[in-house]
K.L.:
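Before I ask anything, here is the structure I am working with.
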Amino acid sequence: MSAIALQMPDGKEATFPEGVTGAEVAASIGQRLARDAVAVRLGERVLDLARPLPEGGPLRVLTLADPEGLEVYRHTATHIMAQAVRRIWPETRLAIGPVIEDGFYYDMEPPVRLTEEDLPRIEAEMKKIVAEDLPVSREVWPRAQARAFFAERGEVYKVEIIDDLPADAELTVYRQGEFVDLCRGPHLPSTGRLKAFKLLSVAGAYWRGDEKRPMLQRLYGTAFAEQTQLDHFLWVREEARKRDHRKLGPELDLFTLHDVAPGFAFWHDKGFRLYRALEDFSRELQRKRGYQEVATPVLFRSDLYEESGHWGFFRPNMFTFQQDGEWYGMKPMNCPAHCIMFREQMRSYRDLPLRLAEYGQLTRYERSGTLHGLLRVRGMHQDDAHCFVREDQIGAEIADCIGLLDELYGTFGMGYTINLATRPQEYMGTLETWGRAESALADTLRDLGKDFAIHPGDGAFYGPKLEFDITDALGRKWQCGTVQVDWNLPERFDLKYIGADGAEHRPVMIHRAIMGTLERFIGILIEHFAGAFPTWLAPEQARVLPVSDKAQAYGRQVAADLRARGLRVDLDKSAEKIGKKIRDAQMAKVPYMLVVGEREEQAGTVAVRSRASGDLGAEPVAAFADALAAEVAERRLQPR
RNA sequence: GCUGGAGUAGCUCAGUCGGCAGAGCGACGCACUCGUAAUGCGUAGGUCGCGGGUUCGAUUCCCGCCUCCAGCUCCA
């Protein structure tokens, strides 16, 4: 009998008789591992525990601590959910049931329309299936047998999946009790292994994402190894609901949205203070790095877009119209205008990098169903810039952009991950320039020692991009920053500079945005901070609260003194009692409340109350002003 | 854009099985002149999303459109 050799994660090699299963290997290592194992990974493949190992190689026993182990666990949860639905509505047809980032779903076609009220009933049935502890078995079927089996049961979606599988694909079905499903696997050894799970929602979803095909019902759920993890997940969801910027924004008097301008925000005074604080911050960082700030038109004749390629590649996302027989378009990006400005004069290699920054209005047509508060809008302002560089400056310029990005994100206490988005299906330019652009980005990241993932086909039509996903306080990821290398627009606009050799050369353009869209970034910040902004960002940094009308005059004086120091300070002029004024300020999440009455007026002080830690006692007005100014200058994340 | 749900006061919502529309909060006014999370009283505020149809009469029933919400898709 021959043997197979396995390399374990600790580097040791072990030999087992042919036909050994993952479960047996786990048992040979230890009792505890045998109990916790959910699957094994042999080389790149994840296999069921009960499956005889087909060959030797590096082997890892997977538990729920491994991401792949959790995937297996959730995949089985999907099957248990489908089995439960099938038990309640036996005619239900099944489509696909994959694992997603936070859980799983199954697209299915039950004979009834499901609502959230049906979820507890399905969950109850799932609990029964878990209690039955049904063994899950894997079977390899010939294609004809599988096709006939599912066709006979009217499983039209499964049949379509089978027909689309490549001819040489091995077809497997998994069986648990009476439930049989076409599935690549792998799965848990039995249904009793599932512990903490919950069904979350039901929504419509088109078969294969195609709106011309039938609308199926998608059941979402999630599962975790431990109840505490599930509880935490549910807490985050609930917290996200409470922090919804569409609710907090108007409540905090930051902005409103109106039906008369779908996808555009109305910025109120308070919100615009925050907006300007962000824009000023960006300006400050960019000025240090040699950026110039410009402002270009919002509306162009179509000639410009013909030249830039937008008319051909981006028009479905633009607002366009005809006037006096000519076509016009609202600008969706600043790059064409910046190219025009670059071309206005003869440029020397000594002028490069030339960095043009702009915060102006951009307008893009986004389909009505995609609009979402400030997170997806039609009217937007970006912290946008285009850096025109020589080829030998590309790496350094990208590194400089990432330095800027580190500084900005760091100020908000947010980390990020990087994706490299490569050439899309519809693209401009040649494969050669795309190759150079993609490697310029990848090489720079490697030089900087930054990890990144590749997102094939996600690039812009004119060039590949780095996408920076920030992580907020609830662990959610948001794509904000982007850095793109572009050889195409300089070509189309015939941009040139005179090199040291006296000859004309083509510059390379780097498109970059750090916060991305300000509207969107503010939406993210509202949810990240739950509306309780750091003092430097807070629309109202302090509010003066006179104990009674007798202290109004002194309060007015204090507010004026603080405003004269450039601080954002308002006065509560209402006729309410001090308790109510404090409550109002606290609910408005103002960092500092300055209570003033006779005592303070006599002493020239303010009684400081912090949003975070309550009463801090009395301080001279000047001392408070110094402390507040210092906190703002340092952009501290928390008030005292 | 597609599927489903929704649109009544600034906000949260009730209501009319077709007969001149209601509450709480908020806003405003008055009184109280108050010491660290809600003082009391009063007032104003609605073409019941928009357009058409049915009807003696439509916020209510029917049709179309717009917007929002949950998804699909797309993306900053």
Side-chain angles (χ1 to χ4, degrees), chain A residues 105 107 113-116 200-220 244 246-247 250-251 253 256-263 268 314 316-317 332-333 362 364-378 380-384 421 424 455 458-460 465 467-470 478-482 484 511-521 523-524 545-552 574-588 593-600 607-611 613-618:
Chain A
Y105 68 79
D107 282 349
R113 194 176 156 69
L114 300 179
T115 67
E116 309 253 325
L200 300 171
S201 60
V202 52
Y206 299 100
W207 169 230
R208 302 214 148 151
D210 182 346
E211 63 194 45
K212 292 182 192 68
R213 312 221 45 191
M215 168 73 71
L216 306 175
Q217 301 191 45
R218 177 172 294 179
L219 283 176
Y220 284 95
D244 192 329
R246 290 169 299 177
K247 186 168 177 288
E251 254 173 39
D253 198 20
T256 45
L257 300 168
H258 295 273
D259 290 358
V260 291
H268 294 204
F314 209 71
N317 288 299
M333 301 179 187
L362 302 176
R364 294 186 194 171
Y365 171 72
E366 299 288 351
R367 291 186 299 170
S368 61
T370 64
L371 299 177
H372 184 87
L374 294 182
L375 297 180
R376 187 153 198 88
V377 292
R378 286 177 173 164
M380 66 200 78
H381 299 75
Q382 299 186 322
D383 60 335
D384 192 23
H455 280 193
D458 267 359
K465 54 184 179 181
E467 301 170 341
F468 298 85
D469 293 354
I470 55 176
W478 306 94
Q479 199 207 306
C480 291
T482 173
Q484 311 170 5
H511 308 239
R512 42 106 296 185
I514 313 299
M515 293 185 269
T517 299
L518 276 156
E519 282 82 353
R520 175 179 160 84
F521 197 71
I524 294 166
L545 312 178
V547 167
S548 79
D549 281 353
K550 284 195 287 195
Q552 280 285 347
S574 72
E576 297 293 345
K577 304 209 184 309
I578 192 65
K580 172 73 159 116
K581 290 178 182 178
I582 285 167
R583 180 183 152 82
D584 287 345
Q586 196 78 42
M587 300 222 298
M593 287 150 267
L594 307 177
V595 177
V596 294
E598 260 175 288
R599 294 204 292 270
E600 287 74 21
V608 183
R609 180 188 164 97
S610 151
R611 167 183 81 195
S613 34
D615 196 346
L616 299 178

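Naming: A, B, ... by sequence-line order, numbering from 1 per chain.
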K.L.:
In terms of the nearest nucleotide of RNA chain B, which residue is placed more toward the 5' end: A:Met515 or A:Lys550?
P.N.:
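The 5'-side residue here is A:Lys550.
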K.L.:
Considering only B:C69, B:C74, B:A76, which nucleotide approaches the side chain of A:Val377 most closely?
P.N.:
B:A76
K.L.:
Given the structure, check if the side chain of A:Glu366 and the base of B:A76 hold any donor-acceptor pair shorter than 3.5 Å.
P.N.:
yes
K.L.:
Nearest of B:G35, B:A76, B:C72 to any side-chain atom of A:Val595?
P.N.:
B:G35
K.L.:
For B:C75, does the base pair up with any side-chain atom of A:Arg376 as donor and acceptor (N or O, under 3.5 Å, distance only)?
P.N.:
yes
K.L.:
Look at all strands and tell whether A:Ala607 reaches a base, only sugar-phosphate, or nothing, counting heavy atoms closer than 4.0 Å.
P.N.:
base
K.L.:
What distance, rounded to whole Å, do you find between the two C1' atoms, one in B:U60 and one in B:G19?
P.N.:
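Per the computed distance, 11 Å lies between those C1' atoms.
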K.L.:
In terms of side-chain heavy atoms of A:Glu576, which of B:C2, B:C69, B:U39 is nearest?
P.N.:
B:U39
K.L.:
Do the side chain of A:Glu600 and the base of B:G35 come within less than 3.5 angstrom through a donor-acceptor pair of N or O atoms?
P.N.:
yes
K.L.:
Between B:C68 and A:His372, is there an OP1 or OP2 to side-chain N/O distance shorter than 4.0 Å?
P.N.:
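Answer is no, no contact under 4.0 Å.
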K.L.:
So does A:Arg583 reach the base of B:U36 with its side chain, donor to acceptor, closer than 3.5 Å?
P.N.:
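Answer is no: no donor-acceptor pair is held.
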K.L.:
By the 4.0 Å heavy-atom rule, please label A:Gln479 as base, sugar-phosphate, or nothing.
P.N.:
sugar-phosphate
K.L.:
Just checking A:Lys577: base, sugar-phosphate only, or nothing, at a heavy-atom cut-off of under 4.0 Å?
P.N.:
base
